[in-house]
Each structure stands twice: as structure tokens, then as C-alpha cells.
4 protein chains.
Amino acid sequence: MVSESTGSTRSRIQAVALELFTEQGYEKTSLREIAERLGVTKAALYYHFKSKEEIVNSVVEDRLARLDAIIERAHTRPDDAAGRHAIIAEYADEFFQHGPSAMRFFEQNQTAFKHLSGGQQMRERLFAMIGLLSRGTDSPADQLRAALALFSIHSSLFAVRGPELSNEERKRVALEVAHELLDTIDGKPPAGTD
Amino acid sequence: MVSESTGSTRSRIQAVALELFTEQGYEKTSLREIAERLGVTKAALYYHFKSKEEIVNSVVEDRLARLDAIIERAHTRPDDAAGRHAIIAEYADEFFQHGPSAMRFFEQNQTAFKHLSGGQQMRERLFAMIGLLSRGTDSPADQLRAALALFSIHSSLFAVRGPELSNEERKRVALEVAHELLDTIDGKPPAGTD
Amino acid sequence: MVSESTGSTRSRIQAVALELFTEQGYEKTSLREIAERLGVTKAALYYHFKSKEEIVNSVVEDRLARLDAIIERAHTRPDDAAGRHAIIAEYADEFFQHGPSAMRFFEQNQTAFKHLSGGQQMRERLFAMIGLLSRGTDSPADQLRAALALFSIHSSLFAVRGPELSNEERKRVALEVAHELLDTIDGKPPAGTD
Amino acid sequence: MVSESTGSTRSRIQAVALELFTEQGYEKTSLREIAERLGVTKAALYYHFKSKEEIVNSVVEDRLARLDAIIERAHTRPDDAAGRHAIIAEYADEFFQHGPSAMRFFEQNQTAFKHLSGGQQMRERLFAMIGLLSRGTDSPADQLRAALALFSIHSSLFAVRGPELSNEERKRVALEVAHELLDTIDGKPPAGTD
DNA sequence: AATGAATGAGTATTCATTCAT
DNA sequence: AATGAATGAATACTCATTCAT
């Protein structure tokens, strides 16, 4: 209702939409609600985006681009513990910098995302990450370790109940646990783990 | 359109609802759709349940009861690696026996569940499980390990790409990784806990 | 707004829709308007018909059936002036009995009907009639005469300005002119025309 | 998307509008659609015309003027078969020269035209033409013959199925049939009608 | 001569729910 | 144990139109 005219209308729509979609879910959030929060009419949303789905896609788009960059660099890294550490570290940096909101958005809307083009691309990227973290092994256990290493980053936000943990601390903890998981991959644990 | 009339109408409603809610999400699934699949009218659903939410709750209810049993038994177990193994093993048994559908249902509908009483209870139980798996430690890393041990069970269904893995094999893999995580908890191997 | 409960709701919807579609056009007539005239809600319309288009189709359906019957009988008639007289007479009977409303409806909504399945079928039937009235000749002029014979029936409603003409009289006039046109077909004018 | 920039924007708008209104109907055609086809914005349309209706009126205007000229000349012609031939010939010339598009536009949008000032004027002119073609007779049958003579011109475009007929040929056929109709007018029925 | 941004009123359609039978 | 008929409130989306630039 109040229009704190920060930024162009287009990006204000994206911000409010991201927030509401995350809180209440994509389906449950109506365009009326978004418009009201911004103090504009529904028709204004349609001036900037041609459908509800397009709002989602536009929000997802730049996270997708950043993920793609990470994935590209990951391909060039050595297929060993050190390489995997580097990959997950980059992912954690991205996640804690721009990410929590976008990722929570994604996790909170899994079913909706199944049928949204932006969502499907997100899925693909995550599976690509997992694949890259478990390159060179076919072991099911290793694949699972790679997946959990990734989830370690995501989960650190809500699974760790420590009341007043900074994001920096959460990231450190998340990486610590992720490293343990990644180091077990391939049956070649680094020397000093025992 | 007419499902095989197996079981009472009431339980057929629950089964179809669970399936559709999981596939398409709670919000996206309409009572009309459920009714049509069963070959009855919407009004029939209202004979058996007094609202859409109540269908969800009734579906969740017995899983909740079983989870409660597991949690109760968990309280009596020793606060060491062996105890944790026993807890997670029981959880895995439940999950792979009745569970995948119910759990996927839950994971696919996180936002909806935030505002559904059955969902909130599910959340509580999961956090209780994580708490029990990391009893006796305040370490954030340990809490995260406990959470990931739980997610190891859930993730084994989709994160492991092995094409033709049986549920039995998935369970074994999930527990293998879960054990690694749980065994790292506390840095104080069973002895010094008392 | 007033609900003179004549007939089932379903057929009252059809009647009101036909009337409004004819007066104002299909596109210009909203379901809200139809519902209001009937004193029901829009949702009630959707209980009886699954879309706006379906209302049109259902209205057109029985006229279509009657037209088909006429066409079928027309096939069995001799391919001469007498046969053509019989065909057009039957058509005129149908038109003046049930028809004016339905036909005006059709003529007033030509563009809409192009994209409505019921409309396309109507078109087909009319062209079939024209074809049957000009069977056995390839002469363009004859085809045109056949078409105008048909339009003679339709046009008699509005083209004849005589203020207080009964439908019976209009039909007689229409058939008189139609006969002239049909009798010229095929270069075999009936004996006394020259 | 960008049309060949032939002619001023104003007349390009008229051309595209006429085309779309005829194909899809006035109501169904949106200004957005027209603007997109031209590669301009909707607001540009409003620079040239002050409303949607005004676009229609402007398109109709010059046809109206030409019709008026024909009607004026018609008044001066003798009230006999030869005079009527001259009138209909002039009308056919106009119709086949500029007309088919404009006339189809009119016929395809009858309901819309009822409430559009340009449309009402078109109606008037057509009835005036019919009146002039049946001057001097009160016979309903003659009025109908006059109307059908006019429709003969219009119908020749679609009612004659001859695949590759030129407009010139269609005109000839149309006039042949129109003449037959007009020659019967005047209460001087051919011998055998009684 | 035109655009970018927006609006107010409307559209068809869907939904969860109710209730008399 | 269920249906047929209906409702009120909502939804995504579209339209003709306006106006400052």
C-alpha cells in the first residue's frame, strides 16, 4: 500500500514477489496481493511482465546465470578433494551472499517449480552441482554424500538452532560438515581425517 | 474415472488426495479433481471430511502417530553412537515402509504446511528427531550433522541416480552415510558422555 | 434479476443467452449479464455449462439436428424444379417455426461463429442446402440463384418493410420469390415462365 | 511485426484495422493487436484517432460518401427496368472496385455496427438502395426482389463456389441474376405467375 | 509523431463450501 | 452414503483509455 519508491517499479515487483512467494507459496500468492503491497494496480504488473510465471522466471534468471558461472568453473577443477572443496566453497559464497532468499524461495515452492520453466532450470543446475561434486565415482553412497554436502549449505540456515549465529559462522559450520562428506567420497579420504 | 473400489470411500479419498497433493501441490489440487478421479461428487468428500484441510490432517495423522512412537522410544535410548544408530534405523524403517509418499508429500508442500495444523505438527516431529540425534551437544556442527543424517534418508530417494536401485539398497546406502555423520557427532565417543 | 422460474435453469440460460447473443453479439454479451437477467450467479452458469462456447453450442445443437433432417430428406428428392420447391418449402417451414431467432443469432454473429464449433457446423449446413438446391448444374449463376433462394427466406424478415405483415404472409412472399429463382436454375425453366 | 511502411501511419492503421475487424470481428480485435501489427504502441493509435469507434467510422466514411453519390444519381434515374439496371450496375462497380473488403467488414460485424454510428449510417444507405430499386411499388414481393438483387452482388463473392472465378466474372454473374430479379419488379409479373 | 507507464473496469473461469433431498 | 444445484469470493488476465514526456 505504501509505495516507498525505491528502484524501478519492475524491480520492486520482483522483490515483493520473491518475498511473498517464499512466505506463502507461489500458488497462494495472488497478483492482487503483490500489487497492493506496491501501491499499484494489477494491470501495472502486466505492463511489466506478461504473466505470473514470467515474474518468477525473471526473478530466477540472474541466480541462474550466477549458478551457471559456478558450474562452468567447476568443470575445470581437479577431480579430487581439493577441487570439490573449491566448488562447494564457491557455491557457499554465492548462497550466503545473494542466495538465501532465492534458495528458500526455490525450496518452498518445489511443486510449483516443477511446472515453471525457471524452476525446472533451477533443478537442473542443482543436479549438475551434485554431479560435479561426485565426478569420477559411480558409488551411490558417494552421490548421496555429494548431495548432502550441498544440502549442508542450505540446511545451515534453519537446521542449526544456535540462536544468534551470524551468516559468516553458519557458512563456516556448513563448510566444515560439507568437507567431511566430500572427503569421504571416492574411498580416498585425505590422509589426516582419521 | 472410477477407481478400483478398494477400501472404504473414506480411505480412497485419502489415497487419491495424498497422490495428487504430492504431485501437484496442495493449493493446485482441487477437490473437484479428487472427486472426479474417484467417480464421486465433491459433496461426497464433504460427507467424509469437513474441509480440505481436514483431508490433509487425516492423511498425516497416522504417520504422526508412528513418528511419535519412534520419538518416544528414542528418548529411552543411550545418548551415544549406538543409540543414535538405533534411532535413525527405526526412522529409516518407517520411512521406507509407509513413508516415501507421506514424506515427499510433506517436502513438496512446505509452504502450504506452514499454515496447516497437520503440517506444523510434522515439522515439530522432524525437529524433535534432529534434537534427539544431537542430544548432549550444543555444537552447531553437530546439529547440522544430525539434520543431514535425517535428510540422508529422505534424499536417498532422488539424490542417488542409480537407475534400478531397490528400496532396500537405498536404505542401506542412506544408513551408511547417516552413520558416518552421526559418528562424528560430539567428538566425545560414547565413553565420556555420561 | 427477476426469476420467473419457467423451465429448468439450464434451458432458461439457453433462452436468455440466445436472446442476448442475438441482440448484442456473442463477444459483447458477458456471462455476468446473462446471470443477472436470470437472477442467479455466474457460477451457476458454470454448473450447467462448462464454458461460454458450450452455451452457444448447446443452443445451436437442436436447430442443427433439424437442419440435418431436412438435408437428409432433400437428398431423396428429384433433381428438378418440383424437388427444389419441396426442399425450400421445408426449410421455410422450419425457419418460420423455430427459426427466426436462431437464424438471426447466426447471422448477427458471423465472425464469432467462425471460431465456434457450433457456428462452423451451421455454415456447413447452409452451404449443403445451397448445394442441394443447385444439384446437377455447375453454372455459377445457378449457384447464386440457389443461394439467393435461401436468403430470400431469411431476408423476408427485415427486407420487407410492410409494417404489419404476419409471418405466414412473409413466408408466402419469400417462397414466391424463391421459386422464381429456383425455376430459372438449370436452363430448364418451367413451361409458362418465358 | 513491422509492416511495410507504405502510406502514412494514419492510413496504415485504417488498413490493418479493416483487415482485423473483418477477420476477427470488431469486439474481438484489440487495439494492442492492431498496434503490434504495425510496430507502434497503442498510444500512437490515440494520436491519430480519439477512440476505437473513430477508427471504424473513419474507415467507413469514404465508402459512405461514394454510396451517397450513387444514391443521389439513382434518384434521377427513370423508375423502370432500365433505370434499375443502371443503379445496380453502378453499385456493383463500386462494390467490386473498393468494396468487397468494406462490405464484408460490414456484414461480419452486424451486431457491433448496430451501436456504432458509422454502422448505422451504412445500414441506412443499404435500405435506401433497396428502396430506390423498388420505387413505385408497394408489393412486398418486389421489395424482397430488390433486396435480393443487392445481395446478389454481395453474395457473388462467397456463394459461387467456382474455384478460380475472376472478380470480373463474378460481377457479370451477379448482375445477370440481379437483372432477372429487378425485371420482375413493378407488379408486372411474368405471364404465368397469377 | 509518438512512447512508457499506468489505471479502472471488465472478462471468463475456478474454488471451497453449503444444503435440501 | 451421497447427489444436484447453487453461491460468494477469488483468480489470472485483458481492454480501452489517459497523460506526462
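Chain letters run A, B, ... following the sequence lines, proteins first, then strands; residues in each count from 1. All heavy atoms count here, side chains included; hydrogens, waters and symmetry mates do not.
Distance CD1 (Ile55(A)) to C1' (dA12(F)): 11 Å, rounded to an integer number of Å. dA12(F) atom C1' lies 15 Å from atom CD of Glu36(A), rounded to whole Å. In this structure, CD1 of Ile34(D) is placed 11 Å from P of dC15(F), rounded to the nearest angstrom. Straight-line distance from the CZ atom of Phe49(A) to the P atom of dT14(F): 15 Å, rounded to whole Å. Here the P atom of nucleotide dA9(E) and the CD atom of Glu33(C) are 18 Å apart, to the nearest Å. Atom CD in Glu27(D) sits roughly 13 Å away from atom C1' in dG10(E) (whole-Å rounding). Atom OH of Tyr46(C) and atom P of dT14(E) are 7 Å apart (whole Å). Atom CG in Leu31(D) sits about 11 Å away from atom P in dT18(F), given to the nearest Å.
If you take OG1 on Thr29(D) and CZ on Phe21(D), they are separated by 6.0 Å, rounding to the nearest 0.5 Å.
DNA chain E lies under 4.0 Å from no heavy atom of any residue of residues 13-21 of chain A.
Residues Phe49(D) and Arg10(D) meet the side-chain proximity criterion, which asks for heavy atoms closer than 4.5 Å. Within the 4.5 Å cutoff, the side chain of Leu38(D) has heavy atoms near those of the Ile13(D) side chain. Between Arg63(A) and Arg66(A) the shortest side-chain heavy-atom distance falls below 4.5 Å. Contact check for Phe106(D) versus Leu126(D): side-chain heavy atoms found under the 4.5 Å cut-off.
Phosphate contact (OP1/OP2 of dA16(F), side-chain N/O of Arg32(D), threshold under 4.0 Å): absent. One finds no side-chain N or O of Ser30(A) lying less than 4.0 angstrom from the OP1 or OP2 phosphate oxygen of dA10(F).
For Val59(D), the side-chain contact (heavy atoms from CB on, under 4.5 Å) partners at least two apart in sequence or on another chain are Gln14(D), Leu18(D), Phe105(D). Applying the salt bridge (charged side-chain N to carboxylate O under 4.0 Å, His left out) criterion to Glu19(A), with sequence neighbours excluded, gives Arg37(A).
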Mind listing the N/O atom pairs, protein and nucleotides 4-7 of chain E, below 3.5 Å?
| residue | atom | partner | partner atom | Å |
| --- | --- | --- | --- | --- |
| dA5(E) | OP2 | Tyr47(A) | OH | 3.0 |
| dA6(E) | OP1 | Thr9(A) | OG1 | 3.0 |
| dA6(E) | OP2 | His48(A) | NE2 | 2.5 |
| dT7(E) | OP2 | Thr41(A) | N | 3.0 |
| dT7(E) | OP2 | Thr41(A) | OG1 | 2.8 |

Let me see the working for Glu33(C) and Gln24(C) under side-chain hydrogen bond (donor to acceptor under 3.5 Å, both in side chains), right down to the final yes or no. CA-CA 11 Å; Glu33(C) 216 172 342; Gln24(C) 320 180 330; 3.0 Å; yes
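Under the 3.5 Å distance criterion, the side-chain polar atoms of Thr111(A) are matched with a main-chain donor or acceptor of Gln108(B). Proximity of a side-chain donor or acceptor of Thr22(A) to a complementary backbone N or O of Arg104(A) within less than 3.5 Å is not detected.
Contacts classified as side chain to side chain donor-acceptor pair (under 3.5 Å) and involving residues 41-57 of chain D (residues at least two apart or in different chains) are given here: Asn57(D)-Ser117(D).
For the strand DNA chain E, secondary-structure stems (runs of at least three Watson-Crick or G-U pairs, all distances below 3.5 Å) span E:2-21 with F:2-21.
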